[in-house]
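Heads up, the thing below is written out as structure tokens.
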Number of protein chains: 2
Amino acid sequence: MKEIIALLRRHGIQATPQRIAIAECVLKADAHPTADAVWEAVKRAHPTVSRATVYNTLHLFCERNMIKSQILKEGIAVFDRNTGPHHHFIDEGTGEIIDIPWESLEVIGEESLQGFEIREYQVVIRGRKKTG
Amino acid sequence: MKEIIALLRRHGIQATPQRIAIAECVLKADAHPTADAVWEAVKRAHPTVSRATVYNTLHLFCERNMIKSQILKEGIAVFDRNTGPHHHFIDEGTGEIIDIPWESLEVIGEESLQGFEIREYQVVIRGRKKTG
DNA sequence: GTTCGTGCAAACGGTTTGCAACAAT
DNA sequence: ATTGTTGCAAACCGTTTGCACGAAC
């Protein structure tokens with residue numbers, strides 16, 4: 001709670017009850033919520049928050065590099081508290097998104113691609129999480 | 001033209017003028033059109049096609065594995081005639097999507113990921129195409 | 001009192017759906 | 001006559017925008 005406020009301050013964001021609630025939700029470990037999922041969650045504590053506030057706040061967080069938005073699913077953006085480079089696994093059954101640590105995979109050959117100025121890259125894996 | 005009809009038949013799709021036009025458009029080399037781009041293009045030859053027909057037809061092609069839809073950009077699907085495995089480069093300036101041949105890159109370590117049943121994976125690179 | 005954050009509602013753009021007309025078998 | 005295909009319009013969903021109210025420096 002105190003840390004969240006400090007974190008917001010550190011990113012030049014004025015702390016408000018709504019923003020704190022949104023930050024708490026989206027910074028939860030291993031969460032990749034959609035904007036609407038954040039809205040639903042935040043509404044439990046702040047029943048009056050508007051969708052617009054949630055969207056605006058998430059964009060603000062992205063601009064300030066607190067979180068990153070990822071386009072991995074059909075037509076919807078999900079938010080990722082992990083702003084460093086990492087890969088993603090997408091469960092095609094459940095839609096669940098799982099971070100894969102950067103060191104788990106190695107990509108070879110990207111430096112030798114001609115004609116591209118690479119800013120970032122990631123491996124996107126689709127399949128199913130093994131049950132059990 | 002004849003080949004397109006044969007191709008449709010081969011995928012169990014009845015050939016109609018609209019479908020042939022849509023197929024011609026989306027199967028063009030190196031094209032990654034959006035559904036609306038296909039609609040615009042097809043309208044030139046068939047001014048009466050409806051958006052719905054284009055969307056339905058593209059979905060049909062996807063189901064029948066003639067093309068693949070990719071979710072790489074904000075909120076819009078693009079269609080890819082390259083149904084085999086390959087990687088993608090996305091120009092962050094223009095939004096252009098470029099296929100990277102599968103053999104250009106090698107990913108190491110994906111077999112040793114625990115708990116995942118991998119169906120497919122690809123490297124998604126973001127950056128800028130070098131000018132000149 | 002000016003700036004910043006909020007809530008509401010309406011608009012937006014891409015996509016989907018329901019339905020009636022139509023063509024093909 | 002049945003089946004499949006089309007066009008239209010309306011609905012839909014995630015997202016964005018405009019604006020007025022209110023709180024905070």
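The chains referred to below are lettered A, B, ... by the order of the sequence lines, with proteins before strands, and numbering in each begins at 1.
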*Reckon A:Thr53 has a side-chain N or O less than 4.0 Å from the OP1 or OP2 of C:dG7?*
yes
_Rounded to whole Å, how long is the line connecting atom CG of A:Leu60 with atom P of C:dC4?_
12 Å
*Dump the intermediate steps for ring-ring contact (aromatic ring centres under 6.0 Å, His included) on B:Phe79 and B:Trp39, then the final yes or no.*
CA-CA 13 Å; B:Phe79 296 90; B:Trp39 185 48; over 10 Å; no
*B:Arg64 has an atom CZ; how far is it from atom P of D:dG4, in whole Å?*
10 Å
_I need the CD-P distance between B:Gln18 and C:dA21, as an integer number of Å._
19 Å
*How would you label the contact of B:Thr16 with the nucleic acid (heavy atoms, under 4.0 Å): base, sugar-phosphate, or nothing?*
sugar-phosphate
*Nearest-Å distance, CD (B:Glu40) to P (C:dG14)?*
10 Å
*Walk me through it: do B:His11 and B:Asn65 pass the test side-chain hydrogen bond (donor to acceptor under 3.5 Å, both in side chains)?*
CA-CA 8 Å; B:His11 287 86; B:Asn65 254 349; over 6 Å; no
_Whole-Å gap separating P (C:dT16) and CD (B:Glu63)_ = 11 Å
*Spell out protein contact along nucleotides 13-25 of chain D as letters: B when the base is contacted, S when just the sugar-phosphate is, - when no protein heavy atom is under 4.0 Å; keep the 5' to 3' order.*
-SBBB--------
*Please name all residues satisfying side-chain hydrogen bond (donor to acceptor under 3.5 Å, both in side chains) with B:Glu24, sequence neighbours left out, ordered by chain then number.*
none
_Please report the distance, rounded to the nearest Å, between NE2 in B:His46 and P in D:dG7._
9 Å
*What's the CG-P distance between B:Leu58 and C:dG14, to the nearest Å?*
14 Å
*Length of the line joining B:Arg19:CZ and D:dG7:P, which is rounded to integer Å*: 11 Å
_Which heavy atom of A:His88 sits nearest to which heavy atom of A:Leu72, and what is that distance?_
CG-CD1, 3.6 Å
*Should A:Arg51 and A:Asp36 be marked as a salt bridge (charged side-chain N to carboxylate O under 4.0 Å, His left out) after you check the CA-CA gap, both sets of side-chain angles, and the distance that decides it?*
CA-CA 8 Å; A:Arg51 238 191 278 250; A:Asp36 256 49; 2.9 Å; yes
*List the steps, then state whether salt bridge (charged side-chain N to carboxylate O under 4.0 Å, His left out) holds for A:Glu117 with B:Arg128.*
CA-CA 5 Å; A:Glu117 200 181 302; B:Arg128 284 174 185 278; 5.8 Å; no
*Under the criterion salt bridge (Lys or Arg N to Asp or Glu O under 4.0 Å), which of A:Lys129, A:Arg126, A:Lys73 is the partner of A:Glu96?*
A:Lys129
*asked:* Please tell me if A:Thr48 has a side-chain N or O lying less than 4.0 Å from either OP1 or OP2 of C:dG7.
replied: yes
